[in-house]
Amino acid sequence: MSELVIGQAAVCGIQETWCRPSDCAVASSRLPRVWTLTAPAPFADETSCQCQAPHEKLTIAQARLGTPVDRPVRVYADGIFDLFHSGHARALMQAKTLFPNSYLLVGVCSDDLTHKFKGFTVMNEAERYEALRHCRYVDEVIRDAPWTLTPEFLEKHKIDFVAHDDIPYSSAGSDDVYKHIKEAGMFVPTQRTEGISTSDIITRIVRDYDVYARRNLQRGYTAKELNVSFINEKKYRFQNQVDKMKEKVKNVEERSKEFVNKVEEKSHDLIQKWEEKSREFIGNFLELFGPDGAWKQMFQERSSRMLQALSPKQSPVSSPTRSRSPSRSPSPTFSWLPAKASPPSSPKAASASISSMSEGDEDEK
């Protein structure tokens, strides 16, 4: 199909009609990827131009080689997409990156079809449509998509390949609703993301229903909005009060532990400082009052000085006589007295001592 893009308008060579790129499904697929990231993906039924150019059928091998060069490969993925999650996004990412140049159309089933063939949904169809429009991998959203793909639907949207996980999807009386797509060679498998699904999320909500009901009551929702009975409402509110008390007790315990730890650290530091000071005090005491301490030496020195002061040394036996002055009478001297009287050893010695004493008396006279 030949197609010319001029400014903001595109002309389909076969139809010879002008249209805006956003109004033409085929023309919009020629737009750069940046355009789809600056605005939500368009809805297919809002486009006013439906190009009637013949659609060239491709093989998977051709598509993986990047052919045809004049247009991207149009890949279709459908689903319910309730509670849009990372598993949905990863599946769409795989569908978008199956080929070097691809344009991803996503079909979303309506509430009526979903409730009829699968069951009740958490999100309504409008919410599910909007969730898909804001996924970065989606180029176009098809609302009210069919449960089973028909040749007319595939031709209308110029779909080259259908992307879905390879697990047989039994529904609407069929063992695999994608069986005829696989037989036509238009099916391209994607891989499921383990550990995440809409059913798993709903299971968690049902399992922890009481927790979520109590949380929403605490946030201001009414029992009527939550479809909770009067008795359950009182029970949940009482449990919320109990949880608050537990949280307060837990906070007090944590603070008490912190306080005790701080006290222990400070007491340890005080004990360590006390031990250091006590060792220093004992060392100083021993240095001062020990066997060889400075106090003992000082005491000995002072005691010796006191003894010397109390008992001075004896005067010498003979001392020089003082000169007499004419005005004063001579003071008696006792230098002639012996320090200690001893008996004479012989008569001669006795007479000698007597004579010496008499001579001394004469000298004094």
Side-chain angles (χ1 to χ4, degrees), residues 1 3 5 8-12 14-57 71-84 88-89 91-92 95-96 102-118 121-164 171-172 177-178 180-181 186:
M1 182 187 69
E3 187 176 295
V5 178
Q8 293 296 321
V11 60
C12 298
I14 295 178
Q15 262 193 321
E16 299 291 348
T17 58
W18 289 86
C19 61
R20 292 176 61 84
S22 59
D23 296 334
C24 180
V26 178
S28 62
S29 65
R30 292 288 305 277
L31 295 176
R33 181 63 183 151
V34 177
W35 179 82
T36 61
L37 293 179
T38 57
F43 290 121
D45 55 358
E46 290 180 350
T47 59
S48 59
C49 175
Q50 294 294 333
C51 185
Q52 300 298 323
H55 188 66
E56 178 186 359
K57 188 173 182 179
R71 68 173 179 85
V73 178
R74 294 173 67 84
V75 180
Y76 175 80
D78 60 357
I80 310 302
F81 300 105
D82 191 20
L83 297 175
F84 190 80
H88 294 142
L92 297 176
K96 177 66 179 177
S102 62
Y103 183 82
L104 180 61
L105 301 93
V106 179
V108 184
C109 299
S110 65
D111 287 344
D112 292 338
L113 280 177
T114 305
H115 299 167
K116 179 180 178 181
F117 293 109
K118 190 169 184 178
T121 58
V122 177
M123 300 169 64
N124 59 43
E125 59 184 29
E127 294 170 335
R128 294 185 284 117
Y129 296 153
E130 285 299 318
L132 265 299
R133 289 187 69 195
H134 292 84
C135 178
R136 63 182 299 179
Y137 309 112
V138 178
D139 295 304
E140 187 176 310
V141 176
I142 301 175
R143 293 182 288 193
D144 194 12
W147 198 261
T148 302
L149 300 178
T150 62
E152 293 78 15
F153 178 83
L154 298 174
E155 179 61 27
K156 176 182 177 181
H157 295 282
K158 302 294 185 285
I159 296 171
D160 293 308
F161 299 101
V162 176
H164 200 273
S171 180
V177 295
Y178 298 103
H180 64 290
I181 302 296
M186 299 176 62

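Remember, it's a predicted structure, so these values are computed and weren't measured experimentally.
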A.B. asks: Considering non-hydrogen atoms only, spot the tightest contact between T114 and W147 and give its length.
C.D. replies: CA-CZ3, 4.1 Å

A.B. asks: Go through the steps for H164 and D78 under the test side chain to side chain contact (heavy atoms under 4.5 Å, CB included), then give the verdict.
C.D. replies: CA-CA 8 Å; H164 200 273; D78 60 357; 4.1 Å; yes

A.B. asks: Kindly give the heavy-atom pair with the smallest separation between E125 and S110, and that separation in Å.
C.D. replies: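 Closest heavy-atom pair between E125 and S110: OE1-CB, 3.2 Å.
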
A.B. asks: Taking all heavy atoms of V75 and all of A95, pick out the closest pair and write down the distance.
C.D. replies: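 For V75 versus A95, the nearest heavy atoms are CG1-O, 3.9 Å.
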
A.B. asks: What are the two closest non-hydrogen atoms of L149 and H180, and how far apart are they?
C.D. replies: O-NE2, 2.8 Å

A.B. asks: Report the C-alpha separation of H88 and L132 in whole Å, then their side-chain angles, then the decisive distance to 0.1 Å, and conclude whether the side chain to side chain contact (heavy atoms under 4.5 Å, CB included) test is met.
C.D. replies: CA-CA 9 Å; H88 294 142; L132 265 299; over 6 Å; no

A.B. asks: Would a 4.5 Å heavy-atom cut-off, applied to side chains only, mark R133 and V138 as touching?
C.D. replies: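 Result no, sub-4.5 Å side-chain heavy-atom pair not found.
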
A.B. asks: Give, for atom CG of D45 and atom CD1 of I142, the distance between the pair rounded to the nearest 0.5 Å.
C.D. replies: 9.0 Å

A.B. asks: Quick one: CD on E140 to CG on L104, what's the gap to the nearest 0.5 Å?
C.D. replies: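 Spacing of CD (E140) from CG (L104) equals 10.0 Å.
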
A.B. asks: State whether K118 and D82 are salt-bridged, where the test is any N-O pair (Lys NZ or Arg NE/NH1/NH2 against Asp/Glu carboxylate O) under 4.0 Å.
C.D. replies: no

A.B. asks: If you look at every heavy atom in F43 and E130, which pair is closest and at what distance?
C.D. replies: CZ-OE2, 4.0 Å

A.B. asks: For the pair E127 (side chain) and N124 (backbone), establish whether a donor and an acceptor sit closer than 3.5 Å, ignoring hydrogens and angles.
C.D. replies: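 A pair under 3.5 Å: yes.
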
A.B. asks: Hey, are the side chains of D111 and R128 touching, using non-hydrogen atoms and a 4.5 Å cut-off?
C.D. replies: yes

A.B. asks: Test your reading of the model: is there a side-chain donor-acceptor pair from S102 to the backbone of K96, 3.5 Å cut-off?
C.D. replies: yes

A.B. asks: Please lay out, stage by stage, how F84 and C135 fare under the test side chain to side chain contact (heavy atoms under 4.5 Å, CB included).
C.D. replies: CA-CA 10 Å; F84 190 80; C135 178; 4.1 Å; yes

A.B. asks: One pair to check against side chain to side chain contact (heavy atoms under 4.5 Å, CB included): F117 and V177. What are the steps and the verdict?
C.D. replies: CA-CA 12 Å; F117 293 109; V177 295; over 6 Å; no

A.B. asks: Quick one: pull up CZ in F161 and CZ in R74 and give me the separation to the nearest 0.5 Å.
C.D. replies: 13.0 Å

A.B. asks: How long is the gap from CZ on F153 to OH on Y76, to the nearest 0.5 Å?
C.D. replies: 4.0 Å

A.B. asks: At their closest point, which heavy atom of D139 faces which heavy atom of P42, and how far apart are they?
C.D. replies: O-CD, 3.2 Å

A.B. asks: With heavy-atom distances below 4.5 Å as the criterion, would you say the side chains of M123 and L83 are in contact?
C.D. replies: yes

A.B. asks: Side-chain contact, heavy-atom cut-off 4.5 Å: F81 with V141?
C.D. replies: no

A.B. asks: Nearest 0.5 Å, what's the NZ-CG distance between K116 and L113?
C.D. replies: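 Rounded to the nearest 0.5 Å, the NZ-CG separation comes to 7.0 Å.
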
A.B. asks: Heavy-atom distance under 4.5 Å between the side chains of D112 and D144, does that happen here?
C.D. replies: no

